[in-house]
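Below, read A as the first sequence line, B as the second, and so on, with proteins coming before strands; counting in each chain starts at 1. Owing to the predicted nature of the structure, the values given are computational and were not obtained by experimental measurement.
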Amino acid sequence: MATEATEVTGDGPSEARRRSPAIECRGVTRRYAGVVANDQIDLEVAEGEIHALVGENGAGKSTLMKMLYGLEQPDEGEILVRGEPQVIDSPRKAIELRIGMVHQHFMLVDAFTVAENIVLGAEPDKGGGRLDLEEAERRVGELARGFGTPLDPHARVEDIGVGQQQRVEILKLLYRGADILILDEPTAVLVPQEVEELFDNMRQLKADGKTIIFIAHSLDEVLQVADRITVLRDGKVIDTVAAADTDTHQVAEMMVGRPVLLRRVEGKATPGGPMLQVKDVRVTAGGKEVLAGLDLDVRRSEIYGLAGVEGNGQAELVEALVGLTIPETGRVYLDDDELTRADVRTRRQAGLAYIPEDRHARGMVLQMLVSENSVLGVQERAPFSRRGLLDLKAIRRRAVELIRGFRVKAPSVTAPAYALSGGNQQKLVLGREFASKPKLLIAAHPTRGLDIGATQFVWQELVEARDEGVAVLLISSNLEEILALADRVGVIYDGRIVAQVRGSEATMSELGLYMTGARGGDEEPAA
Amino acid sequence: MPEILVQLFGLATIASAIRAFVPLYLATLGGVFNERSGIVNIGIDGMMIFGTWFGAWGALQWGPVAGLLTAVAAGVAVAAIHGMATITFRVDHIVSGVAINILAIGMPRFLSIVAYGQGTQSPQVPSLPKIDLPGLGEQSIMVPVTVLLGFGAWFVLTRTIFGLRLRSAGENPRAAESLGVRVRGQRWAGVLISGGFAGLAGGYLSIELVGLYREGMNQGRGFIALAALILGNWSPIGAAFACLLFAWTEALTVFLRVDWINNAFIQSLPYIVTLVVLALFFRRVRPPKAVGQAYEAGSPV
């Protein structure tokens with residue numbers, strides 16, 4: 001303490017200012033309609049550090065970030081930026097304070113070029129309101145240099161990869177002179193190699209004196225790159241710890257409030273004979289072969305994890321399996337039935353269940369009741385309907401069963417499905433699909449957007465289904481999930497399975513190489 | 001030259017096509033602005049109708065130039081209703097547009113009775129002097145003006161800061177807002193510019209093309225403009241070609257006479273061509289991504 005005081009007197013007020021934190025929240029509270037989203041938050045982010053913010057869904061991370069970026073205002077408390085109390089009442093004000101934010105869902109204009117996206121709102125003027133595109137491209141080129149792999153300012157954003165789009169977002173902030181960068185779940189959309197590059201870039205930014213606040217779900221990643229970690233739970237700050245002094249278990253426990261284990265779940269069951277067989281399936285969409293003669297089999301009592309960067313044919317494979325598209329060639333067998341050309345209902349009756357990646361688009365009808373959603377797809381079967389009339393009592397009974405059995409938090413069975421949180425909607429879909437006693441369960445990104453608690457629950461249910469003899473096809477772009485659950489892992493790249501390994505032997509870096517096509521499908525798939 | 005070729009491509013047909021091109025293209029240019037800013041405006045037809053009425057009325061009072069300006073003002077005023085409904089109150093864009101088209105059926109008749117003592121027609125109104133364009137016959141001075149406006153629209157949309165921001169509001173309003181672009185302001189600009197163009201198109205029809213206001217004279221041109229907007233891929237340049245095609249088919253309804261084709265069929269050519277062309281090209285065009293979506297900003301206007 002004494003040395004610090006001497007320093008301040010020695011170097012004058014400028015030194016004192018440099019030492020004040022980039023961001024400081026004092027007693028910040030934010031309520032929505034009676035719910036306290038942020039409760040007396042005290043947070044201190046030092047200048048030039050990488051500060052991670054972790055917590056379950058609904059812990060209040062997003063609310064806090066929104067207040068820092070001026071999208072929301074605190075009801076109580078104050079926010080200090082570089083030591084000065086500030087009212088950040090709009091993103092414009094945040095930009096003025098040199099605070100920038102990369103949103104989880106990118107805020108990019110797909111039809112615009114990289115340069116246009118970066119300068120939008122602060123465009124170089126050629127005079128008379130004329131857009132100076134050359135100047136824009138020159139400045140963007142300058143900013144992009146020395147910051148990761150080259151970026152073409154003329155390229156349209158819709159034509160570049162996700163990792164590059166993210167760099168465009170960061171460059172947008174740098175172009176506006178931001179030196180406090182807020183990154184909202186930046187790794188959620190990236191494959192492992194891209195995550196590495198992002199972290200390199202983050203360290204580079206830190207070396208350039210920037211302050212970074214980032215939200216993350218993956219604790220391994222957080223510990224890799226962050227200097228300090230603040231854990232939020234139920235709208236409160238639990239603690240701020242130095243990354244060097246902690247580990248994933250400790251942080252996870254702080255987040256959830258009880259010990260958690262998100263690690264490989266070994267099964268009791270041993271895989272049996274093949275349940276799903278996919279042979280040489282080809283699907284063409286938009287003139288491009290999206291499934292290029294794909295072969296795949298999933299056995300009884302097996303979780304087959306299909307890893308891959310999104311857009312390599314996963315969506316089309318799922319559609320071909322559940323009957324939403326009919327492949328041009330190839331065959332699909334479930335147990336002894338050939339289902340290549342069967343319609344969706346026939347497939348479901350044959351024992352196929354499906355947890356869709358977008359529960360809003362396919363999993364449920366949000367405007368309909370919880371009870372109605374509980375029997376979607378089986379509504380025409382007894383006991384839910386008889387002679388074309390619905391048995392509302394039986395339907396309600398099923399809904400109550402699902403809510404109890406799958407710990408769905410719902411206000412009532414007659415509430416609309418949109419009244420449920422994302423995690424609870426997912427549990428309901430899961431329960432419904434399990435209740436149909438399937439032979440094959442197709443789970444597409446079943447934990448996307450769920451927090452640790454809900455994720456753990458979904459994982460357990462998948463493992464239990466497997467142990468009961470169900471064949472599970474797990475499609476996920478989250479490698480941790482694949483590695484934690486899968487008995488066998490296949491990597492899909494460019495519409496083909498390019499690698500197949502035993503789950504216990506798979507490693508993240510190896511899968512990552514296959515996923516990005518860095519290692520090809522010439523080798524014989526093993527296992 | 002064989003008679004059929006004269007009918008298809010003769011001076012009279014081309015000159016007539018150019019006359020039909022002007023209102024169609026002006027209305028389409030307006031449509032480009034509102035759609036690129038994110039607002040659907042099927043009320044263009046109604047705005048044109050108001051332009052025809054107020055154009056004629058203004059020309060009667062103060063002469064043709066003032067008449068055209070009155071038409072523009074009328075279009076802008078009606079567009080302000082659409083802007084109020086869609087931007088401020090976030091009414092569905094189609095519903096508001098339909099309401100404007102219905103308003104444009106009743107209102108001009110009422111105004112005519114008040115102004116002229118009869119419901120369907122105005123007296124003859126003064127026009128601008130004609131100019132002789134080589135190869136295109138005698139034309140309104142509005143023809144070169146329209147071409148200039150087309151280039152101007154292209155320049156504004158693609159080469160100015162205003163244009164970039166306007167397009168960003170129609171493509172991804174959230175992204176635009178997060179960068180400090182005032183989305184609602186951009187959309188207001190798009191709608192009001194659209195109304196101005198539609199009004200001018202209507203004014204041209206009554207003042208320059210016909211020389212008076214007559215009920216129903218617009219003949220659904222606003223809807224063909226919407227088709228030209230799509231066929232022209234939401235670009236002022238593309239729209240020019242689309243409008244030339246539609247204007248030419250319109251000219252054919254007058255000049256094409258073939259024994260073995262029923263005249264009723266020829267009369268409906270513009271509409272048939274519109275349908276066929278849209279059916280063929282609809283999949284190849286790329287509308288602004290956020291067009292027609294209400295935008296709820298973090299902060300209201």
Side-chain angles (χ1 to χ4, degrees), chain A residues 65-67 69-73 88-96 99-113 115-136 156-158 165 168-169 171-173 175-176 178 182 184 286-287, chain B residues 32-33 35-38 151-187 189-190 193 232-235 238 282-293 295-301:
Chain A
M65 292 303 98
K66 280 181 184 162
M67 287 192 286
Y69 193 58
L71 293 164
E72 308 248 351
Q73 275 70 55
I88 311 172
D89 54 7
S90 68
R92 210 166 304 159
K93 181 68 193 276
I95 293 168
E96 266 172 43
I99 301 173
M101 178 159 173
V102 175
H103 301 263
Q104 188 184 357
H105 302 286
F106 296 157
M107 296 269 197
L108 293 171
V109 182
D110 291 343
F112 283 11
T113 65
E116 284 172 333
N117 264 289
I118 290 172
V119 302
L120 178 63
E123 304 86 347
D125 193 338
K126 226 192 258 184
R130 281 178 302 152
L131 178 64
D132 195 342
L133 256 186
E134 287 102 65
E135 173 67 9
R156 272 183 194 235
V157 158
E158 61 195 353
Q165 290 183 351
V168 174
E169 284 282 26
L171 289 175
K172 259 160 73 171
L173 310 186
Y175 175 79
R176 284 164 179 75
I182 303 170
D184 187 2
Chain B
V32 170
F33 276 94
E35 293 247 338
R36 294 301 288 261
S37 79
F151 278 112
W154 169 82
F155 183 83
V156 166
L157 277 174
T158 61
R159 294 288 183 272
T160 69
I161 292 172
F162 168 73
L164 187 76
R165 293 182 179 182
L166 183 121
R167 286 185 284 132
S168 73
E171 291 282 347
N172 189 343
R174 289 199 175 280
E177 188 86 35
S178 76
L179 295 174
V181 173
R182 290 171 211 270
V183 170
R184 285 163 178 241
Q186 296 299 326
R187 292 189 161 184
I193 291 172
N233 204 8
W234 287 265
S235 128
F282 193 70
R283 288 168 159 273
R284 303 181 185 204
V285 297
R286 184 184 195 290
K289 246 190 192 152
V291 71
Q293 294 171 12
Y295 178 64
E296 292 179 56
S299 48
V301 169

Measuring heavy-atom distances to chain B, does A:A122 have an atom under 4.5 Å in its side chain, in its backbone, in both, or in neither?
backbone
Between chain B and chain A, which N or O donor and acceptor atoms come closer than 3.5 Å?
| residue | atom | partner | partner atom | Å |
| --- | --- | --- | --- | --- |
| B:R159 | O | A:L131 | N | 2.9 |
| B:I161 | N | A:G129 | O | 2.9 |
| B:R165 | NE | A:E123 | OE1 | 3.2 |
| B:R165 | NE | A:E123 | OE2 | 3.0 |
| B:R165 | NH2 | A:G121 | O | 3.2 |
| B:R165 | NH2 | A:E123 | OE1 | 2.6 |
| B:N172 | ND2 | A:L108 | O | 2.7 |
| B:S178 | O | A:Y69 | OH | 3.2 |
| B:R286 | NH2 | A:E158 | OE1 | 2.8 |
| B:K289 | NZ | A:D110 | OD2 | 2.3 |

Heavy atoms from other residues, nucleotides or ligands near CZ of B:F155 exceed 12 (cutoff 6.0 Å):
yes
Less than 4.5 Å to any heavy atom of chain B: does that hold for the side chain of A:L120, its backbone, both, or neither?
both
Identify the two heavy atoms, one from B:I161 and one from A:P124, that lie closest to each other, and give their separation to 0.1 Å.
CD1-O, 4.0 Å
